[in-house]
A.B. asks: 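Quick one: the structure is below, and I'll ask about it shortly.
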Amino acid sequence: MNHQNATAPDLRARLGGSALDVAPSLLGAHLTHSTDDGDVTVRITEVEAYLGPDDPGSHAFRGRTARNATMFGPAGHLYVYFTYGMHYCANIVCGDEGWATGLLLRAGEVVDGAGLARDRRSHPATDLDLARGPARLAQALGLDRRKDGADVLADPFRLVLPDLPATAVLRGPRVGVSGVAGTEEYPWRFWLPDEPTVSRYRPGKPRAARKVDP
DNA sequence: TGGTTGATGAACT
DNA sequence: GTTCATCAACCAG
């Protein structure tokens, strides 16, 4: 079912388009990070697309900086950034060099190395919570700023894409993105149906507008 | 040079 | 539902 032997150039070509087009190929993919402590493999269940300098929700919106330089590089590399003073989040860069389009890994299911992933997460959680949420996913895989720029198609990483892009993909507004870029006008979050690991920041019905006291 | 704000998650009330 | 941990970019001056 999986392209166990796909070559790095093949894989990089599949990542070479717009993040919007690549998203269905990344859903269900397996990403492995090997370290001295062991391997952790995550099956990706939720991603968010960022489209580069024209996307007001993207870190690349105001051009290239030292932090986001990786996003402007070639596809298949990791853009890891630090935020809120304590969290790391990881993207897989898509598109051609200079485009700065990529996919934020929002959630996944730990399919191998759950023990190591639990050790990395200071607060014990159920296995389903190990990589539920972008910062938790990055922590479970052992990613930090030192991994920024790493090639996920080369040692110590391994990326296995499904043969065919996922079909029943759901999409909706991005999470935590302020302004219009986080609304229905930019439905650039993609996830697999019936996955308990998908973060649920918008449960049930949309919030009723709160009454404001004048 | 200094103030503000995040592509968040955990622990509260 | 709200607060807080805590830092690198960004913007105003």
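Keep in mind that this is a model prediction, so the values were computed, not measured. In the text below, chain A, chain B and the rest are named by the order of the sequence lines, each starting its count at 1.
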A.B. asks: Does Arg136(A) place a side-chain N or O at less than 4.0 Å from the phosphate oxygens OP1/OP2 of dA10(B)?
C.D. replies: yes
A.B. asks: Quick test of your reading of the model: are Glu195(A) and Arg43(A) salt-bridged, counting only N-O distances below 4.0 Å?
C.D. replies: yes
A.B. asks: What about Tyr81(A), does its side chain sit under 3.5 Å from the base of dA7(B) through a donor-acceptor pair?
C.D. replies: yes
A.B. asks: Kindly indicate, with the supporting measurements, whether the criterion salt bridge (Lys or Arg N to Asp or Glu O under 4.0 Å) is fulfilled by Asp39(A) and Arg158(A).
C.D. replies: CA-CA 10 Å; Asp39(A) 296 1; Arg158(A) 192 162 67 97; over 6 Å; no
A.B. asks: Atom CZ of Arg145(A) and atom P of dA8(C): how far apart are they, to the nearest Å?
C.D. replies: 10 Å
A.B. asks: Assess whether salt bridge (Lys or Arg N to Asp or Glu O under 4.0 Å) is satisfied between Arg121(A) and Asp129(A), documenting all intermediate values.
C.D. replies: CA-CA 10 Å; Arg121(A) 311 230 322 106; Asp129(A) 285 332; over 6 Å; no
A.B. asks: Across the strands shown, which category fits Phe82(A) at heavy-atom distances under 4.0 angstrom: base, sugar-phosphate, nothing?
C.D. replies: sugar-phosphate
A.B. asks: Output the rounded distance in Å from CD (Glu48(A)) to P (dT8(B)).
C.D. replies: 7 Å
A.B. asks: Asp148(A) has an atom CG; how far is it from atom P of dA8(C), in whole Å?
C.D. replies: 14 Å
A.B. asks: Would you check if there is a donor-acceptor pair between the side chains of Thr45(A) and Thr197(A) at a distance under 3.5 Å?
C.D. replies: yes
A.B. asks: As a check on the pairing definition, encode DNA chain B in dot-bracket form, counting Watson-Crick and G-U wobble pairs whose two distances are under 3.5 Å, and using | for partners outside this strand.
C.D. replies: ||||||.|||||.
A.B. asks: Please check the phosphate of dC7(C) (OP1 and OP2 only) for any side-chain N or O of Arg67(A) closer than 4.0 Å.
C.D. replies: no
A.B. asks: Please determine whether a side-chain nitrogen of the Lys or Arg among Arg120(A) and Asp37(A) lies less than 4.0 Å from a carboxylate oxygen of the Asp or Glu.
C.D. replies: no
A.B. asks: Taking the P atom of each, how far is dT3(C) from dT5(B), in whole Å?
C.D. replies: 16 Å
A.B. asks: Quickly work out the Arg62(A) CZ to dA9(C) C1' distance and round it to whole Å.
C.D. replies: 10 Å
A.B. asks: Show every salt bridge (Lys or Arg N to Asp or Glu O under 4.0 Å) that has at least one partner inside residues 54-66 of chain A, sequence neighbours left out.
C.D. replies: Asp55(A)-Arg174(A)
A.B. asks: Counting the benzene-type ring for Trp, do Phe82(A) and His87(A) have ring centres under 6.0 Å apart?
C.D. replies: no
A.B. asks: In whole angstrom, what separates Tyr84(A)'s OH from dC4(C)'s P?
C.D. replies: 16 Å
A.B. asks: Can you tell me how far C1' of dA7(B) sits from CD of Gln139(A), to the nearest Å?
C.D. replies: 17 Å
A.B. asks: Please check the phosphate of dA7(B) (OP1 and OP2 only) for any side-chain N or O of Ser58(A) closer than 4.0 Å.
C.D. replies: no
A.B. asks: So what does Asn91(A) hit on the nucleic acid, given a heavy-atom distance under 4.0 Å: a base, only sugar-phosphate, or nothing?
C.D. replies: base
A.B. asks: Nearest heavy atom decides the nucleotide; on that basis, is Leu137(A) or Ser178(A) closer to the 5' end of DNA chain B?
C.D. replies: Ser178(A)
A.B. asks: Expressed in angstrom and rounded to an integer, what is the separation of Tyr88(A) atom OH from dG9(B) atom C1'?
C.D. replies: 15 Å
A.B. asks: Take the protein atom CE of Met86(A) and the nucleotide atom P of dA8(C), then report the distance between them rounded to whole Å.
C.D. replies: 13 Å
A.B. asks: Establish, with yes or no, whether the OP1 or OP2 oxygen of dG9(B) is under 4.0 angstrom from a side-chain nitrogen or oxygen of His87(A).
C.D. replies: no
A.B. asks: Please check: side-chain N/O of Arg145(A) versus main-chain N/O of Val80(A), any donor-acceptor pairing under 3.5 Å?
C.D. replies: yes
A.B. asks: Output yes when at least one side-chain N/O atom of Thr65(A) is less than 4.0 Å from OP1 or OP2 of dC10(C), else no.
C.D. replies: yes
A.B. asks: Of the nucleotides dA7(B), dG9(B), dA9(C), which has the atom closest to the Pro134(A) side chain?
C.D. replies: dG9(B)
